Structures are given as C-alpha cells and as structure tokens.
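Since the structure comes first, as structure tokens, the remarks are kept for the end.
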Amino acid sequence: MQGKSRPPATVGEAIQRMDAYVALGLIGQQEVAQALGVNVTDLTCLGHVLGAGEEPLSAGDLAERANLTTGAVTGVLNRLEKAGYAHRVPDPGDRRRVRVVADPDAAARLVELYGPFYARLEQVFARYTPEEIAVIADWFAHAAEAARAHLDALRAR
C-alpha cells in the first residue's frame, strides 16, 4: 500500500483534533455504559478484565491499570458482579488474593456495542501503510505514558 500525501498539520492542530476525538470517546463511553447499565468507571474496568485474556487480573492489578484505589476497585467489582459481568475467583497461587474473571456473555455484549465502531476504525486504518500504522501505535503508547504522568502529577497536588 502506498502512503497518501496529507496536508501539513501543526502540533496545535493535531492536539485540537485529538481533543475532539477524546471528547467524542468520552460521550461514546457514557452511551455504552448506559446501554450496559453500568457507570463509565465500571465499563473501563470491565474492558481491562476482558483485555487480560486468559490470565485473569488480580484486584490489585485492575486497580493499577484503571488508576483506582483498591478500595474503589472493591466497589467496582461488587457492581460488576451484581450486574452479571464479572466475578471473583481465588488466586490459585495465593488464596488471600482474588482474580477477576469476566462472565462469558460480557464479551459478547461489548462486541455487539463496540464492533461497529471498531469496524469503522479498521476502515480508517486501511488508509495508512503498515509503517504509518506503526507510527500511530507508537504515538498512542507515548501519549498514554504522558497522560499517566500527568494524572499522577494531578493526584500528587
């Protein structure tokens, strides 16, 4: 695939476009959470649980990934269990810890809601070469690091 030439953009323009995308993403998250009958924090945690795949997260790992306290994660897990999206299982290596496992139907519910969006994103990515996609992926990884550092600094104030 040949890369397409694109009009130049400044850092400020790129940040403005990112802000617009993030704002839409926040609204989308609220809509999905509402459709599932949970709040956005619970949806975010459910996404981390599903993203862990075959190696279930400990409650502490979930707290770290979601940038929440362990106490807050306890409330999240209580709500996700009550809603039928996840449950706790004993950690086989340490009975004092628990791991979080998604309900098998949870993934299907999320695919139903996110699938059309991800299909649209795949169409967007089809406009780019593999090398350009690598740059985009790299940018997101570094942007996530910057966001985490900023969040840590805000919480330290």
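Note that the structure is predicted; figures quoted are calculated from it, not measured.
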Task: Verify same cluster id: V124, M18 (apolar side-chain graph, 4.5 Å) - done: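 Both belong to a single hydrophobic cluster.
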Open item on the list: Would you say F140 ends up clustered with V135 if hydrophobic residues are merged whenever their side chains have heavy atoms under 4.5 Å apart, either directly or through other cluster members?
Closed with: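 No, because V135 and F140 fall into different hydrophobic clusters, even though each may have its own neighbours under 4.5 Å.
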Task: Remaining members of hydrophobic cluster (4.5 Å side-chain criterion), L113 - done: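 For the cluster that includes L113, the remaining residues are Y21, V32, L36, V38, L43, L46, V49, L50, L57, L62, L68, V73, V76, L77, L80, Y85, V100, L110, Y114, F117, Y118, L121.
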[atom2] on [Y] to [atom1] on [X], rounded to 0.5 Å:
X: T44; Y: N67; atom1: OG1; atom2: CG; result: 10.0 Å
X: Q29; Y: N39; atom1: CD; atom2: CG; result: 11.5 Å
X: E55; Y: D61; atom1: CD; atom2: CG; result: 9.0 Å

Open item on the list: Using the salt bridge (Lys or Arg N to Asp or Glu O under 4.0 Å) criterion, which residues pair with D94? Sequence neighbours excluded.
Closed with: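 By the salt bridge (Lys or Arg N to Asp or Glu O under 4.0 Å) rule, D94 matches R96.
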Can you tell me if [X] has over 12 outside heavy atoms packed within less than 6.0 Å of its [atom1]?
X: E112; atom1: CD; result: no
X: E81; atom1: CD; result: yes
X: Q16; atom1: CD; result: no
X: R120; atom1: CZ; result: no

Between [X] and [Y], what is the shortest heavy-atom contact and its length?
X: H87; Y: V89; result: CD2-CG1, 3.7 Å
X: P90; Y: R95; result: CB-NH1, 3.0 Å
X: R65; Y: R148; result: O-NH2, 4.1 Å

Open item on the list: Using a 3.5 Å distance criterion without hydrogens, assess whether the side chain of E132 forms a donor-acceptor pair with backbone atoms of T129.
Closed with: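 Confirmed, E132 side chain pairs with T129 backbone.
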Task: P56 backbone acceptor or donor facing R99 side chain under 3.5 Å - done: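 A pair under 3.5 Å: yes.
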Task: Side chains of R97 and S58, donor plus acceptor under 3.5 Å - done: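 A pair is found: one side chain offers a donor N or O, the other an acceptor, under 3.5 Å apart.
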TODO: Given side-chain contact (heavy atoms from CB on, under 4.5 Å), test R17 with V22 step by step and report yes or no.
DONE: CA-CA 9 Å; R17 292 174 189 175; V22 169; over 6 Å; no
TODO: Would you check if I27 and Q30 make a side-chain contact, meaning some heavy-atom pair closer than 4.5 Å?
DONE: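 Touching, per the 4.5 Å side-chain cut-off.
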Task: Those residues that, when tested against R109, pass side chain to side chain donor-acceptor pair (under 3.5 Å) (two or more places apart) - done: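 Side chain to side chain donor-acceptor pair (under 3.5 Å) list for R109, sorted by chain: empty.
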